[in-house]
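Side chains are part of it too, since the values below use all heavy atoms of this structure and drop only hydrogens, waters and symmetry mates. Atoms within each ligand, like the ligands themselves, are counted from 1 in listed order.
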Amino acid sequence: MRTTMLQSIRSSLHKSSSSSPLRRSYSSQSAPERKVAILGAAGGIGQPLSLLMKLNPLVSSLSLYDIAGTPGVAADVSHINTRSEVVGYMGEENLGKALEGADVVIIPAGVPRKPGMTRDDLFNINAGIVKGLCTAIAKYCPHALVNMISNPVNSTVPIASEVFKKAGTYDPKRLFGVTTLDVVRAKTFYAGKAKVPVADVNVPVVGGHAGITILPLFSQATPQANNLSDEEIVALTKRTQDGGTEVVEAKAGKGSATLSMAYAGAIFADACLKGLNGVPDVVECSFVQSNVTKLPFFASKVRLGKNGVEEILGLGSLNDYEKQGLEALLPELESSIEKGIKFANQS
Ligand SMILES: NC(=O)c1ccc[n+]([C@@H]2O[C@H](COP(=O)([O-])OP(=O)(O)OC[C@H]3O[C@@H](n4cnc5c(N)ncnc54)[C@H](O)[C@@H]3O)[C@@H](O)[C@H]2O)c1
Ligand SMILES: O=C(O)C[C@H](O)C(=O)O
């Protein structure tokens, strides 16, 4: 029973756009040494994400950093009999050690929403946290792939890019806003409505990670469902855009999505590791520096490789409803990006 459950979690983490025999044998037999650092590891997302990364056989060293609570989380997770060595680091004086040699840094550090708040309401606290952490990344592991989870992602990713530019370490191929939870939600909600097996579903989600900037492209969903009305597609779109708020309200003041986010973060980090390891055809949606629209950052499908972003895939063909959604999201996304850039340069 125990083995079966572990196997199924692992196989879910390892399932991706291509499941060739080459990939299966590669990941299980000859995975190189990889260090993953989680910043904010003792938090609501950080703890289950630490667990999921401990289950990932592509990780050889797991570095858990937070301002408090990491010794306990690290001791706990380290007893799990999987490949990675786990070390917990607590306090700013230990941040450098936590980051040194990291291949992938995942950042879920910062405050979450309460009911009635927007993600942008988190800016005042989280912008400073992200800026500090990215300054340390530039110093201690400038070549790591950075997976930004902290909200507002539409602004924290631009903040990170400016910090790295100032430090002279910016490589746009290595900076990612994690929007995987939007994809996870779109898949779940679509499968439920279209009555198709959820494991077979793919839905690209583009734009950004807040409200209307989250644009699921159900016209490109597979398997294609012909049984959904326009009204149902509108409702699915809105539910995907409001998925975070749905959880915030249900948690009634006790935070935002943590478990589903940890799952989504683990999927995205796994994709980054596979890309680094040379696994072909690893494609995930992510908020990255982009030429897909007139905006400097945009989420779309991205092919991951040995240097991070290998190729930014276009939007594909959009129907009229999606084209309207795209036009509508650009001003809000632009101002969130500008806010992040301005913050990084003035403070
Ligand atoms: N991208 C997404 O899809 C997505 C989804 C869910 C949540 N989030 C965001 O993730 C963030 C974390 O959410 P949570 O529920 O885990 O919050 P949480 O409060 O439970 O945990 C945050 C952790 O960050 C730590 N922290 C604070 N300042 C730090 C610093 N300077 N260095 C290192 N760690 C620090 C805290 O000690 C805490 O353990 C929030 O900003 C939330 O909005 C993003
Ligand atoms: O909604 C939030 O505040 C957290 C996160 O961005 C989410 O989408 O669940």
Side-chain angles (χ1 to χ4, degrees), residues 37-50 63-74 88-96 98-99 105-137 146-157 159 176-186 188 205 207-211 213-214 216 239-251 253-269 284-287 299 336:
I38 302 179
L39 313 185
I45 296 167
Q47 291 202 35
L49 182 57
S50 300
S63 172
L64 305 182
Y65 173 79
D66 204 303
I67 49 175
T70 27
V73 178
Y89 299 94
M90 187 170 73
E92 222 180 312
E93 65 280 14
N94 291 308
L95 179 54
L99 290 172
V105 180
I106 316 175
I107 312 183
V111 291
R113 283 200 283 164
K114 289 189 188 311
M117 292 171 80
T118 66
R119 291 177 182 81
D120 187 57
D121 292 333
L122 306 172
F123 187 97
N124 288 344
I125 298 178
N126 289 354
I129 292 175
V130 162
K131 190 176 174 203
L133 293 174
C134 289
T135 302
I137 291 169
V146 175
N147 294 184
M148 182 69 71
I149 293 174
S150 310
N151 270 317
V153 167
N154 292 354
S155 302
T156 52
V157 169
I159 291 171
F176 302 87
V178 181
T179 57
T180 318
L181 182 53
D182 302 317
V183 176
V184 165
R185 288 176 175 143
T188 304
V205 182
H209 178 68
T213 73
I214 299 167
R239 187 165 181 214
T240 306
Q241 291 173 333
D242 294 343
T245 307
E246 187 177 318
V247 178
V248 167
E249 282 169 3
K251 290 197 173 181
K254 295 250 163 58
S256 55
T258 53
L259 304 174
S260 50
M261 181 59 236
Y263 171 76
I267 296 278
F268 190 73
E284 293 289 339
C285 290
S286 180
F287 184 66
S336 300

If I apply the N/O under 3.5 Å rule, does [X] come out as touching ligand 1?
| X | value |
| --- | --- |
| L39 | no |
| D66 | yes |
| H209 | yes |
| I45 | yes |
| S150 | no |
| I149 | yes |

Which bit of [X] gets closer than 4.0 Å to ligand 1, counting heavy atoms only: side chain, backbone, both or neither?
| X | answer |
| --- | --- |
| L122 | side chain |
| P108 | backbone |
| L133 | side chain |

For [X], the ligand 1 atoms whose distance to one of its heavy atoms is below 4.0 Å:
| X | answer |
| --- | --- |
| Y65 | 32 (N), 33 (C) |
| V153 | 1 (N) |
| N126 | 41 (O) |
| V178 | 1 (N), 3 (O) |
| G44 | 16 (O), 18 (P), 20 (O), 21 (O) |
| A257 | 6 (C), 7 (C) |
| T258 | 15 (O) |

Exercise. Can you tell me the protein heavy atom closest to atom 43 (O) of ligand 1 and the distance?
Worked result: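 Going atom by atom, the protein heavy atom closest to atom 43 (O) of ligand 1 ends up being N151 ND2, 2.9 Å.
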
Exercise. Nearest protein heavy-atom contact for atom 4 (C) of ligand 1: which residue, which atom, what distance?
Worked result: M261 SD, 3.5 Å

Exercise. Would F123 and I159 satisfy side chain to side chain contact (heavy atoms under 4.5 Å, CB included), going step by step from the backbone distance to the final call?
Worked result: CA-CA 11 Å; F123 187 97; I159 291 171; 4.1 Å; yes

Exercise. Has G255 got any heavy atom lying under 4.0 angstrom from an atom of ligand 1?
Worked result: no

Exercise. Which protein residues have a heavy atom under 4.0 Å from ligand 2?
Worked result: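 Correct list: R113, R119, N151, L181, R185, H209, G244, S256, A257.
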
Problem set entry | Closest to atom 24 (O) of ligand 1 among P112, G110, G43, S260 (heavy-atom distance) |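 Shortest heavy-atom distance from atom 24 (O) of ligand 1: G110.
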
